[in-house]
Structure formats: C-alpha cells, structure tokens
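The basis for the numbers below is simple: all heavy atoms, side chains too, and nothing from hydrogens, waters or symmetry mates. Numbers here simply count residues along the sequence, with the first being 1.
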Amino acid sequence: MDNITYLIEGFGHVLTPMNLLFAFVGVTVGTAVGVLPGIGPAMTVALLLPITYGLEPTQALIMFAGIFYGGMYGGSTTSILLNTPGESASVVTALEGNKMAKAGRAAQALATAAIGSFVAGTIGTALLVLVMPQVVDFAINLGSPELLAILLVAFVGASAVLGSSRVRGFAALLVGLTIGVIGIDFVTGQQRLTFGIPQLADGIDVVVVAVGIFAVGEALWVAAHLRRKAAAVIPVGRPWMGRDDWRRSWKPWLRGTALGFPFGAIPAGGAEVPTFLSYLAERRLSKHPEQFGHGAIEGVAGPEAANNASAAGTLVPLLAIGIPTNATAAIMLSALQGWGFEPGPFLIEKQPLLVWTLVASLFIGNTMLLLLNLPLAPAWAKLLQIPRPYLYAGILFFATMGAYAVNAQPFDLFLLLCLGLVGFALRRFGLPVLPLIIGVILGPLAEKHGRRSLQLSGGDLSGLIGGPVAWVCYGAIALVLLWPLVARLLPRKGSSDRDHTPTEVSA
C-alpha cells in the first residue's frame, strides 16, 4: 500500500511544469536519436551525462527515462523506412517492416509499431510497479557472497549470451574490468595500472569511458565507412490502421509484452532475444503465414511490443539490485553513482520519492511518445536526410565538450581519443560494447563484495559461496559456460537417423 502512495506522490512530483518539460525534452530527443541510424539512446545519455550534473537528479532521471523509451520508439522508424536498424533490438522489426513500406504500407507499419510500443510500455511499467518492491524485499537480505554471485552472473550473461562469440564477449569484459581497476586500491592504497601518471590515480571517470567508447568510437567507425549521399527514404503518409490491421495486431502486442518483460528483468537478458522469439511465435501462430517475408503486420507488432516491454523490465534489476542489463541502463547507473546515490536494494528505501517519480514519469513519457509518433512520423523521417559528416561532426564536438567538463583536465581529452580508438577497434573486430561498459561500472563493486566475503571468512575461499542464492547463480554460470560442450556431446537426431537408414534399406 505504501508503494501505491509513493507512486501517487511520484505522479504529483512529475506533473509540474518543469518536470513535464524535462520529460518532453527526453522523449523528443530520444525519438530523434532513435530515428538516426547509429545514434542510440546509450550514446545520447552518455553525451548528456556531464550536463545533467548541474540538474536535480530527479529531473535528469526523468529526461534519461524519456530518452530510453524514445530511442525504442524511434528505432522502428529507421528499420521500417531504411531497412537500417538504429539499435540491435530493432533488427527483427526491419524483416517485415521494410517489406511493408516497400509495398506501400509504411503508414500501417509505423502505426502498429507506435501503438504496440505504447501498449507494451504501459503494461511493462505497471508490472514494474508490482514486481520491483518484491525484488527489493528479496535483495535487501542478501549478503556479499550472494551479491558477488549475482554480479558474476551479469558478467557471464553479458559476455556469453550477447554477441556472436563468447571469446569476443569475454575479451570485451576483460578490457572493461582492466579499465575499472585503474587507480588507487581502496584497501591497500597502492596505485594500479597508473604507469606513474598522476591524473590516473583517481581512475578513469565512467563518463569519459562511455562518451569515448560510444560517441567517438561510433564517429570514427562511420567516418571509415562514410557515404556522402543520404540514404533514400520511403515516403510516409499519415500513420493509420484499418480494422483488419487492428484485429491482426492486438494479440501480437500482448504476446510480445509477455515475452519482453521477463527477458529485460534478468541479468544480461536484453531485448534481442525476446524480439526474435516474438517474431518466431507470430510466424507460427499467424493465420497468414504466407505473408511472412513479404510484409506481415504481425512481424512488426510483436517484436516492437517485446522491445519496449523489455525496456521496462530492464529497470527492475537496475533499481532493485543495482545491476544494468543493457548499455543505457549502465550509463544511468553511473549517473546515480555520480550523484552520490548507492544503487541497489537500499535506494528505494533511502530515496523512495526519486525512484517512484522516475516510475511515474515512464507512464507520462509513454503517453507523450504516442502523441509525438503517430502524427509526426513524416517529420521524424525527414531527419534521415541529415548528411552524415555534419551529424557526426556535431557529435564529436559535444563529446569533447562533455568529457572536458567532467574534471576540466586536458588529459581527459587524450583519454577520450584513446578510448575512441578502443571503441573503433571493438566495432572493427566485432566485440560487443555492453560487456566492456558493465565491466567498468560493476567491476569495482564485484571486487568490493569479493574482498568483503573473504574478510568475513578469514581468507577461506568457501566464504565466496554463501546461501542458496549463490549456489543457484554459480549453477547457472556453469550451465552457460559448459552448455556448448554438453550440446556437442549429446547425440544428434539427424545423425542417429542416418545411422539406422542403411540397416532399414538393406532389410
């Protein structure tokens, strides 16, 4: 009951002119960056992070939440009109959405994506209200061994599940953990990996890492593959849906929501898996399977709902446990740390108004996004005509200013360039960015809980294994790591059938 009271107070806090303005700015900027290929919400939040330190934390979080949700909305526009997903979660939308656009049904594809996003975002946020307090009650009783095990699950999940290669995922995680330990050891006071450079004694600020990896790395990558001409955009009329479109879309919206929210709530779940599963489910359940591959509206409605429901689910581990499950949530976590808050189960107890105002702003922002996306879809499509050189020149300018504003040290600009080259190398060799960012942010936290666990056990390694939660986490880690070997040892049905075929023929 207290949670409902806090939520009502959160609505009262959001429904002020200034906070509504920040919500509107957030959803507008988020939609714009979602529309532009290659500029995702994570990069935008990273660029704006230095600026928001002068704002109240509540206002900054409201704006970040609007950018987060808006990026999910805007990513569908690029996928449908250009067949160029701005985010990895929008890849599946492009499969059917671009086919619909080429068949003259771009308006219907954009409409079902926008309405499906609204439905899924609203239901997902309502589930967040119901689930988050239960997760907090569970997490508040966990000790350091259990929290260490959960953090290790996040490391392994982000490295082994996401991306095309486990080796590349763990390589990116190792780079992030290495960057995270730079500075003075908080226990012994010794300097680690500073190479005698005084500016590295305090470590590398997460803002500089995020801006360098996302903004500068992406700008260098685009410059290496620059096309002078803007891509041809399919014209868009006023988004609308006929009666048949509504009939074929509402069930995929609900099924996509049911798939997306749980995957967003688990460590390293992300939105890629539920969007793909939603597409497969709609293809199997559709009464018009012959239209898949040629522009089936169910193939847009389901994945887009799963995408936005996953975004709502992402906030459950972020706010309740302090673990991000995607890059944008990781940057928001670093913002909370920068403001002096301790993310985790005690955040909702110590700062209930902050948390519930953020949750209330999701309902408000979701409604704003629907009102922005349906009538203004043709205007958003015109953003795709901005030449890439102008766009990324502006990004580099704001990235440089933002990184310098953190500590006002010229050395940070040198770090920014070095980290930009690291970001470029990640893209060049196909290494995922999320494990690196999670390693930078959660690495020091895992080190703290690991050392605390060993101190409590007098240095005995058995202290790292706590109660049942830790056992379940380590079991999940072992299953994820050993599954490829187990799958290879299991007999394959196809090979078994071939082994019996000669006998049957000779008989």
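In this structure the side chain of Val355 never reaches within 4.5 angstrom of the side chain of Leu358, judged on heavy atoms. Between Tyr474 and Ile477 there is a side-chain heavy-atom pair separated by less than 4.5 Å. Between Thr357 and Tyr6 the shortest side-chain heavy-atom distance does not fall below 4.5 Å. For the pair Leu362 and Tyr69, the minimum side-chain heavy-atom distance is below 4.5 Å. Residues Phe170 and Leu481 have side chains in contact (heavy-atom distance under 4.5 Å, counting atoms from C-beta outward). Counting heavy atoms from C-beta on, the side chains of Leu127 and Val316 never come closer than 4.5 Å. Looking only at side-chain heavy atoms (C-beta outward), Leu318 and Met132 stay at 4.5 Å or farther from each other. The side-chain heavy atoms of Ile123 and Phe261, taken from C-beta on, include no pair separated by under 4.5 Å.
For Ala120 against Asn308, the heavy-atom pair with the smallest separation is CB-CB, 4.3 Å. Taking all atoms of both residues into account, the shortest heavy-atom contact from Ser453 to Pro145 is OG-N, 3.2 Å. The nearest pair of heavy atoms linking Phe155 to Leu177 is CZ-CD2, 4.1 Å. In this structure, Gly256 and Ala309 approach most closely via the heavy-atom pair O-CB, 4.4 Å. In terms of heavy atoms, Thr314 sits closest to Ala329 at CG2-CB, 3.6 Å. Residues Pro444 and Gly180 approach most closely at CG-O, 3.7 Å, considering heavy atoms.
Remark: Ile8 pairs with Ile4 by the side-chain contact (heavy atoms from CB on, under 4.5 Å) rule, at least two apart or across chains.
The side-chain hydrogen bond (donor to acceptor under 3.5 Å, both in side chains) analysis of residues 142-155, with sequence neighbours excluded, yields the pairs Ser144-His449. Screening residues 8-31 for salt bridge (Lys or Arg N to Asp or Glu O under 4.0 Å), with sequence neighbours left out, gives no hits.
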Please list every donor-acceptor pair under 3.5 Å in which a side-chain atom of residues 55-63 meets a protein atom from a residue at least two apart or in another chain.
none

Result block: side-chain N/O donor-acceptor pairs under 3.5 angstrom for residues 414-434, not counting sequence neighbours:
from   : atom 1 : to     : atom 2 : distance (Å)
Arg427 : NE     : Glu218 : OE1    : 3.0
Arg427 : NH1    : Ile213 : O      : 3.1
Arg427 : NH1    : Gly423 : O      : 2.9
Arg427 : NH2    : Ile213 : O      : 3.3

Under 3.5 Å, which donor-acceptor pairs link side chains of residues 435-442 to any protein atom two or more places apart or in another chain?
none

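Counting heavy atoms of neighbouring residues, nucleotides and ligands inside a 6.0 Å radius, atom CZ of Phe24 does not exceed 12 of them.
Here the CG atom belonging to Leu454 is positioned 12.0 Å from the CZ atom belonging to Arg452, to the nearest 0.5 angstrom. In this structure, CG in Leu347 is found 12.5 Å from CD1 in Ile321, a value given to the nearest 0.5 Å. Note that CG of Asp185 is 7.0 Å distant from CD of Gln190, once rounded to the nearest 0.5 Å. Atom NE2 of His13 is separated from atom CG of Leu354 by 8.5 Å, given to the nearest 0.5 angstrom. The CD atom of Gln455 sits 8.0 Å away from the CZ atom of Arg451 when rounded to the nearest 0.5 Å.
A distance-only check finds no donor-acceptor pair linking the side chain of Thr194 to the backbone of Gln191 [under 3.5 Å]. In this structure, the side chain of Asn307 does not engage the main chain of Ser117 through any donor-acceptor pair within 3.5 Å. A donor-acceptor pair under 3.5 Å is absent between the side-chain atoms of Ser310 and the main chain of Ala306, judged by distance alone. Looking at Thr125, its side chain does come within 3.5 Å of a backbone N or O of Gly121 through a donor-acceptor pair. Judged by distance alone, the side chain of Ser278 and the main-chain N or O of Thr275 form no donor-acceptor pair under 3.5 Å.
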How far apart are the C-alpha atoms of Ile348 and Leu319, what are their side-chain angles, what is the distance that settles it, and do they pass the side-chain contact (heavy atoms from CB on, under 4.5 Å) test?
CA-CA 7 Å; Ile348 195 171; Leu319 297 175; over 6 Å; no
If you apply the rule side-chain contact (heavy atoms from CB on, under 4.5 Å), what do you find for Leu200 with Leu193, and how did you get there?
CA-CA 8 Å; Leu200 291 178; Leu193 299 179; over 6 Å; no
Can you list the steps and then say if Phe11 with Trp356 is a side-chain contact (heavy atoms from CB on, under 4.5 Å)?
CA-CA 8 Å; Phe11 272 108; Trp356 289 107; over 6 Å; no
